[in-house]
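To keep things clear, I will list the structure first and then write my remarks on it.
If you're wondering where the values come from, they're calculated on a predicted model, not measured in any experiment. Counting from 1, the numbers follow the sequence of the chain as shown.
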Amino acid sequence: YMMIRPFIQFYTTQRCNSNCRHCYLAALKNENAISYDDEMTTEQTLKAFEILRKMGFSMVSFGGAEPTQKLDFFDIVKSLSEMGYDLKVHTNGMTIDEESAKILKCSEIFEVRISLDGSNREINDFIRGEGAFDALISGIKNCTAQGLPTTVAVTINKKNVSDLANIIDYAYQLGVGGVHSYLLIDKGRGVSLKDYLPDEHDLAYAHSVFESKRLEYHGSKGIDPQKCLCKNGTCYLELKQNGDVYLYEDSRAYFGIGVSKIGNIFDDGIEEQIDTALIGQKLPDCCSCDYYASFMCAEMDNYCFDDIKF
């Protein structure tokens with residue numbers, strides 16, 4: 001296969017060990033409250049990625065609900081690394097202990113992105129639940145102790161926007177590589193937080209904080225627009241937990257915009273269906289990019305509100 005390949009967003013599982021108030025997926029913590037009958041087994045998951053690897057795909061971002069709650073998750077990570085995939089994990093970090101951090105390190109994960117919504121327990125746990133702050137900070141420290149490329153992600157809302165500068169400073173002190181930000185939206189469980197949706201004033205303030213912090217951390221890294229091959233966005237594939245494959249036409253788009261189902265990874269002829277779906281899409285040659293498979297990768301951040309690289 002000679003066609004340029006986009007990255008794969010793997011919706012790893014519907015399971016979650018948390019109960020965040022702003023979860024746009026409304027992921028369920030209670031395992032008895034949701035059926036996992038359509039979730040691929042470990043064997044099926046590996047088979048799916050063998051198919052995609054033979055097609056030339058090389059970058060996978062694990063998401064979820066909470067990817068670490070997928071049965072045999074760390075075995076899957078090791079196997080995909082051995083297949084030659086470049087891997088990223090977006091996690092709440094709450095279950096990453098020293099042993100699992102070592103596995104991620106050995107699998108050459110190019111970024112572990114951990115959610116942090118406040119610089120202290122009171123602000124963070126308002127959104128993420130009691131005990132979340134201590135657990136995720138432990139996860140961050142376990143990752144950085146292993147030398148893993150680690151970043152944090154903050155969801156901006158009225159509760160934490162005034163704490164944003166402190167979050168960035170704390171992240172720097174923790175030794176992570178950067179801070180990414182997203183906006184609270186009224187989707188999923190977030191519909192109950194409409195009073196906390198950021199307004200135009202909040203967004204302007206947040207942008208000013210990121211700009212001032214980029215100046216403060218002189219020598220902080222940034223993306224060179226001339227070297228960024230996906231500055232106008234790129235398409236990507238999403239592999240669902242049940243094997244369904246979706247095309248997202250623009251990595252800068254949100255929820256349902258330019259999204260179409262291609263088929264299931266185990267369908268006969270799925271390779272041809274994927275090739276056909278990619279014709280005419282935005283496909284920068286990621287493998288030739290200076291930022292490929294690193295936390296500086298702009299392709300992974302096109303949907304971010306703002307960020308800073310340390």
Side-chain angles (χ1 to χ4, degrees), residues 22 24 61 88 90 93 110-120 122-124 126-128 133 136-137 140 143-144 149-186 190 193 195-234 250-255 257 284 286 289-310:
H22 66 338
Y24 66 85
S61 176
K88 168 188 171 179
H90 196 158
F110 73 80
E111 181 183 358
V112 180
R113 185 173 298 186
I114 297 178
S115 299
L116 174 65
D117 286 328
S119 66
N120 56 57
E122 188 250 329
I123 297 176
N124 180 86
F126 168 78
I127 288 289
R128 297 198 160 269
F133 182 80
L136 72 88
I137 293 302
I140 291 173
C143 287
T144 56
T150 308
T151 63
V152 301
V154 54
T155 299
I156 296 173
N157 57 76
K158 283 191 174 294
K159 178 72 174 180
N160 68 3
V161 66
S162 62
D163 189 44
L164 184 56
N166 295 327
I167 295 172
I168 294 173
D169 290 339
Y170 187 38
Y172 181 79
Q173 294 166 17
L174 288 169
V176 304
V179 177
H180 310 274
S181 65
Y182 310 93
L183 302 179
L184 174 67
I185 58 173
D186 55 349
L193 293 176
D195 290 343
Y196 292 92
L197 294 175
D199 57 29
E200 292 184 5
H201 173 78
D202 297 323
L203 302 188
Y205 173 76
H207 272 311
S208 70
V209 170
F210 274 104
E211 182 59 31
S212 66
K213 287 300 177 182
R214 282 191 288 266
L215 292 173
E216 177 180 339
Y217 292 104
H218 60 89
S220 64
K221 301 175 183 177
I223 300 294
D224 182 346
Q226 301 304 314
K227 295 181 179 180
C228 182
L229 303 180
C230 59
K231 58 186 176 183
N232 294 318
T234 176
D250 194 331
S251 55
R252 299 170 300 173
Y254 285 91
F255 306 104
I257 301 175
C286 294
C289 179
D290 290 351
Y291 304 123
Y292 175 77
S294 78
F295 72 84
M296 296 288 285
C297 175
E299 180 180 23
M300 298 290 193
D301 294 332
N302 276 323
Y303 55 90
C304 282
F305 170 73
D306 207 335
D307 64 5
I308 179 173
K309 318 286 189 182
F310 296 128

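- The aromatic rings of Y172 and F310 sit perpendicular, their planes meeting at an angle over 60°, well past the 30° parallel limit.
- There is no side-chain donor-acceptor pair under 3.5 Å between D163 and N160.
- Inter-residue side-chain proximity for V154 and V179 is flagged as met; some heavy-atom pair is nearer than 4.5 Å.
- No side-chain heavy atom of D306 sits less than 4.5 Å from a side-chain heavy atom of I156.
- The side-chain contact (heavy atoms from CB on, under 4.5 Å) test with V176 is passed by exactly one of I114, V112, V152: V152.
- Ring planes of Y196 and F126: tilted class, angle from 30 to 60°.
- Between V161 and P198 there is no side-chain heavy-atom pair separated by less than 4.5 Å.
- Separation of atoms CG (L174) and OG1 (T151) is listed at 12.0 Å; rounding is to 0.5 Å.
- Across every non-hydrogen atom of P149 and F110, the tightest pair is CB-O, 3.2 Å.
- Judged by distance alone, with hydrogens and angles left aside, the side-chain atoms of N157 form a donor-acceptor pair with the main-chain N or O of T155 at under 3.5 Å.
- Two residues are said to be in side-chain contact when any heavy atoms from C-beta on lie closer than 4.5 Å; K213 and D169 meet this criterion.
- Taking 4.5 Å as the limit, some side-chain heavy atom of L116 sits within range of a side-chain heavy atom of I167.
- By the 4.5 Å heavy-atom criterion applied to side chains, E211 and E216 are not counted as neighbours.
- R214 places a side-chain N or O within donor-acceptor distance of the main-chain N or O of D307, the cut-off being under 3.5 Å.
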Show the numbers, then the answer: is there a side chain to side chain contact (heavy atoms under 4.5 Å, CB included) between H22 and D117? CA-CA 11 Å; H22 66 338; D117 286 328; 3.3 Å; yes
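- Interatomic distance, S212 OG to L164 CG, rounded to the nearest 0.5 Å: 8.5 Å.
- Side-chain contact check for E122 versus F133: every heavy-atom pair is 4.5 Å or farther apart.
- Side-chain contact between Y170 and N120 is absent, with no heavy-atom pair separated by less than 4.5 Å.
- Annotation for F305 and L203: closest pair CZ-O, 3.5 Å, computed over non-hydrogen atoms.
- No option in D195, L197, D199 other than D199 meets the side-chain contact (heavy atoms from CB on, under 4.5 Å) test with K158.
- With S61 as the fixed residue, the side-chain contact (heavy atoms from CB on, under 4.5 Å) test singles out one of K88, E111, R113: K88.
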